[in-house]
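Just so you know, these numbers use all the heavy atoms, side chains as well, and skip hydrogens, waters and symmetry mates. First the proteins, then the strands, lettered A, B, ... as listed; each starts at 1.
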Protein chains: 2
Amino acid sequence: MAKIHEVAKAAGVSISTVSYALSGKRTISAETRQRIERAVRELDYRPNAGARMLAGRRTNIFALTEPFRADTYAPAHMAFVLATSIAARRHDYDVLLLTEEEASAGMRRVATSGLCDAVLVLDVAPDDERVGVARQLGIPSVFVGVPDDHDGLVCVDLDFEAAAGLAVDRLADAGHRSIGLLGHPPSAYLRSNFPPRIRAGFERRARERGLDPAVELPEPGGNGSRGVAVRAAVGALLDRGVTALVLHCDDAAHHAVLDELAARGLGIPADVAVISVGSTFDTTAMHPPLDVVPLVPQASCDRAVDLAMQMLSESAPAAGVYLIAPEYRDHGSVVQPDAPR
Amino acid sequence: MAKIHEVAKAAGVSISTVSYALSGKRTISAETRQRIERAVRELDYRPNAGARMLAGRRTNIFALTEPFRADTYAPAHMAFVLATSIAARRHDYDVLLLTEEEASAGMRRVATSGLCDAVLVLDVAPDDERVGVARQLGIPSVFVGVPDDHDGLVCVDLDFEAAAGLAVDRLADAGHRSIGLLGHPPSAYLRSNFPPRIRAGFERRARERGLDPAVELPEPGGNGSRGVAVRAAVGALLDRGVTALVLHCDDAAHHAVLDELAARGLGIPADVAVISVGSTFDTTAMHPPLDVVPLVPQASCDRAVDLAMQMLSESAPAAGVYLIAPEYRDHGSVVQPDAPR
DNA sequence: TTGAAAGCGCTACCAC
DNA sequence: GTGGTAGCGCTTTCAA
C-alpha cells in the first residue's frame with residue numbers, strides 16, 4: 001500500500017502533481033505524466049479510499065437498496081443488481097448493498113455518514129417506504145421503477161404502457177381482432193407497479209385499434225401445480241374467441257401457456273399468436289421462440305446510473321419519470337418467419 | 001451532517017470524549033455519556049465514514065465477491081448474498097458488491113485502496129481464480145465454499161460429505177438395501193465444488209453400511225423440457241432395483257422426480273423413500289413434503305462473517321476448512337409420519 | 001475521567 | 001506547468 005508521497009518521491013515531483021496527474025484536473029507535461037505513471041505502476045499505487053472521501057467531496061460509492069425479498073423473482077433481481085453494478089463501475093463507482101433488513105434505516109445511515117454519493121433504489125413497490133426517506137436524504141437518489149407517489153423523485157423505467165401498446169399494434173397489424181392478456185396474479189398488481197401499467201396500455205391501445213380485449217390474471221399456484229390455473233386461463237381466453245395472447249407473467253407461466261396450446265393442438269402462430277411483454281428471461285429458448293417486448297435491466301440501470309452521475313455534477317436533471325422506449329423483438333410467434341406480412 | 005465538533009460543543013466536552021463515548025474505548029462518567037448521547041440524538045450525528053476510515057484503521061466494510069453469473073441458480077445466490085449482508089450488519093459492517101465483471105481485479109482494487117477490511121468470497125468454483133488473488137491480497141479473506149486448492153485459505157462450507165452420509169444412514173436405518181443418487185448434471189461437477197463431495201459421501205457411506213449405491217446425473221434440459229431426462233433417470237434407477245432416492249439437484253428436477261414417481265403410481269415413502277440433500281429451497285411445499293439435509297445460507301454466512309471478524313481482531317483463526325455440521329429435517333418422506341420406526 | 005493535539009492520506013487552493 | 005500547504009473529520013496517543 002504505497003502512498004502518494006512515495007509516488008511523488010519516486011517520480012521526482014510534488015504530491016500535488018501526482019494528485020493532479022491522476023485526476024486529470026490540470027494539465028501535466030507529457031514527460032512528467034510518464035514518470036508518474038511509471039511510479040504508480042511500479043509501486044502499485046492506488047489512492048486511499050478513506051483519504052479521498054475525506055479530502056475530496058466524493059466517495060465514489062453508490063448505495064443500492066434491493067430488498068431481496070424471499071417472495072420475489074430472483075433471476076430478475078439478480079440481473080438488475082448486476083446491471084447496476086456494471087454500469088456503476090463504468091463511472092468508476094462501487095456499489096454498497098442495502099437489503100431488506102434496513103431498507104429505510106440503511107439509506108439514512110449511509111447518507112448521513114457520507115458513505116455514498118447517491119442511492120439507487122431497486123424493486124420499487126407502488127407504496128414504497130423508501131420514497132419518503134429519499135425525499136429527505138440530503139443526497140441524490142434514483143428509483144428504478146415508479147412508485148405511486150413520485151413527486152420530486154427521479155425515476156427510470158421501461159415504458160410498460162407503450163410496451164403493451166407495441167404488442168397490441170403488432171397483433172392488430174397482423175389482423176387479429178380479439179386478443180387476450182394473460183397477466184401476473186392479482187397480488188402482483190399490488191406489490192409491483194408495472195402490472196397495472198401493462199394492463200392499462202393493453203386495454204387502451206386495444207380500444208384505439210378497435211380490438212376486443214380480454215384479461216385473465218391466474219394465480220399460478222405452487223411450483224408443483226404444473227400451472228393448472230394458468231392453463232385454465234388460457235382455455236378461458238380461447239373460449240372467448242381470442243386469437244392472440246399477450247403474456248405478462250413469469251417464465252413458468254409461459255411454459256404452462258405453451259403446454260396448454262400444444263395440448264390443444266394449436267400451432268403458433270398459425271392458430272394463435274403469442275407475444276411476451278416485460279420479460280427479463282429468454283423467450284427464444286422456448287418452443288417455439290416467442291416474440292417479446294423485453295424488460296432489459298441493462299437499459300434501465302444504465303440510465304439510472306447516468307442520471308445519478310448527472311445529479312452529482314452541476315447539470316442536475318429535472319425530477320420526473322424517465323421512461324425507456326420499448327423494443328419489439330420478432331421471433332416468429334406472431335407472423336410466420338418466412339411468410340409475407 | 002453534524003460533525004463531532006458540534007456534538008462536543010453541544011455536550012460541553014472535548015471531541016476526544018465524544019469519540020470515546022461513541023466507541024466505548026474508554027470509560028466515561030454516566031453523566032457525561034448522557035449529555036453526549038443527547039447531543040448526538042438531537043443533532044442526528046453520525047461519524048463521517050471517510051474520516052473514520054482514514055483516522056482509524058477500520059473501514060467497517062466487507063467486500064463481497066459474487067460473480068452473479070447468468071447460468072447460476074439465482075435464488076440460492078440471492079439467499080447467500082442476503083445472509084452475508086445481514087450477518088455483516090450485525091457486526092456493524094456494510095457490504096460492497098463485487099461482481100463477475102472484475103472478480104479478481106476488483107478484489108485487488110478494493111484491497112489496495114483500503115476500501116474494505118476483508119473480502120468474502122461466494123459462489124466458489126473448484127479452480128476459482130480468486131484463490132490466487134486472495135493469497136496476495138494483504139487483507140483477510142473468507143471463502144464460502146471450498147476450492148480444490150485451498151492451502152492457507154480460510155473456507156467455510158456445509159459438510160456435504162457428512163450431509164450425504166446422514167441421508168444414507170437414515171435410509172439404511174429404515175431398511176433400504178439399494179439406493180440411488182440423482183445428482184446435478186455432469187457440468188455442475190466441474191463448475192461447483194460440492195456435487196463431487198455429495199457423491200463421495202453418498203458412495204462411501206453406502207459402502208460402509210453395506211448398501212448398493214447407484215448414481216445418475218441427468219442433463220435437465222431447458223425449462224420447457226418438462227424434465228424428461230430427469231424422469232428417465234428415475235426410471236433407470238428404479239429399474240436397477242433402487243427403493244430410495246437421494247436428490248441433489250435443483251427444484252425443477254425435484255418436481256420432475258415427484259411427477260415421475262406419481263406417474264408410476266409409486267407412493268412416498270410407502271414404495272420409494274426420498275431425501276433431498278444440500279438444497280436451499282423449500283422441500284416442505286412439495287407433494288409430498290420431502291425430508292431434507294439442507295444447505296442453510298445463514299449458517300455458512302454467519303460463520304464466514306464471524307471468521308472474518310476474528311481475522312480482524314488479534315485472535316486470527318487458523319487457515320483451514322471450517323465445515324458446518326449437517327442437520328436432518330424429517331418431513332415424512334422416508335418413514336411414514338405416524339408409523340413406528 | 002477528561003482534554004489537547006498529532007496525524008491518517010488525500011484534494012484543491014494559492015503561489016510561483 | 002509545478003510545488004507548498006491548509007484543511008477534510010475523525011482516532012488515538014500523551015498529558016493532566
Measure from [atom1] on [X] to [atom2] on [N] and round the result to the nearest Å.
| X | N | atom1 | atom2 | result |
| --- | --- | --- | --- | --- |
| R46(B) | dG9(D) | CZ | C1' | 16 Å |
| I15(B) | dC8(D) | CD1 | P | 12 Å |
| L22(B) | dC10(D) | CG | P | 10 Å |
| I4(A) | dC8(C) | CD1 | P | 14 Å |
| H5(A) | dT5(D) | NE2 | P | 14 Å |
| K3(A) | dT11(C) | NZ | P | 14 Å |

Based on the rotation axes of five pairs at each end, what angle does the helix from dT1(C)-dA16(D) to dC16(C)-dG1(D) bend through, to 10°? 30°
Is D92(A) salt-bridged to R58(A), going by a charged N under 4.0 Å from an acidic O? no
Answer yes or no: does a side-chain N or O of T17(A) lie under 4.0 Å from OP1 or OP2 of dG3(D)?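 So the side chain of T17(A) is within the cut-off, an N or O lying under 4.0 Å from OP1 or OP2 of dG3(D).
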Any side-chain N or O of S14(A) less than 4.0 Å from the OP1 or OP2 oxygen of dG4(D)? no
Tell me, yes or no, whether the heavy-atom count around H91(A) atom NE2, taken from other residues, nucleotides or ligands under 6.0 Å, exceeds 12.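 More than 12 heavy atoms, drawn from other residues, nucleotides or ligands, come within 6.0 Å of this atom.
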Shortest side-chain distance from Y20(A), nucleotide among dC10(D), dG3(C), dA12(C): dA12(C)
Looking only at non-hydrogen atoms, find the nearest pair between [X] and [Y] and report the distance.
| X | Y | answer |
| --- | --- | --- |
| L98(B) | D94(A) | CD1-OD1, 4.0 Å |
| D157(A) | G145(A) | OD2-CA, 3.4 Å |
| V124(A) | F143(A) | CG2-CD2, 3.7 Å |
| A304(A) | V156(A) | CA-CG2, 3.9 Å |

Run the side chain to side chain contact (heavy atoms under 4.5 Å, CB included) check on R69(A) and D123(A) step by step: do they pass? CA-CA 9 Å; R69(A) 300 190 209 92; D123(A) 193 11; 3.1 Å; yes
Option passing side-chain contact (heavy atoms from CB on, under 4.5 Å) with T17(A) (candidates L22(A), V7(A), I28(A)): I28(A)
Which value, rounded to the nearest 0.5 Å, describes the distance between E327(A) atom CD and L158(A) atom CG? 10.0 Å
What parts of residues 48-63 of chain B reach DNA chain D, counting only heavy atoms under 4.0 Å away?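 Within residues 48-63 of chain B, the residues near DNA chain D are N48(B), A51(B), R52(B), A55(B), G56(B).
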Before you tell me yes or no, could you show the steps for L115(A) and M53(A) under side chain to side chain contact (heavy atoms under 4.5 Å, CB included), namely the whole-Å CA-CA distance, both residues' side-chain angles and the distance that decides it to 0.1 Å? CA-CA 8 Å; L115(A) 232 189; M53(A) 288 163 73; 4.2 Å; yes
Let's see if you get this right: which residues in residues 23-37 of chain A place a heavy atom under 4.0 Å from DNA chain C?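 K25(A), R26(A) - these, ordered by number, are the residues of the stretch whose heavy atoms sit under 4.0 Å from the strand.
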Assess whether side chain to side chain contact (heavy atoms under 4.5 Å, CB included) is satisfied between V144(A) and L120(A), documenting all intermediate values. CA-CA 7 Å; V144(A) 178; L120(A) 305 173; 5.7 Å; no
Any N or O donor-acceptor pair linking the side chain of S16(B) to the base of dA4(C) at under 3.5 Å?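 Indeed there is one.
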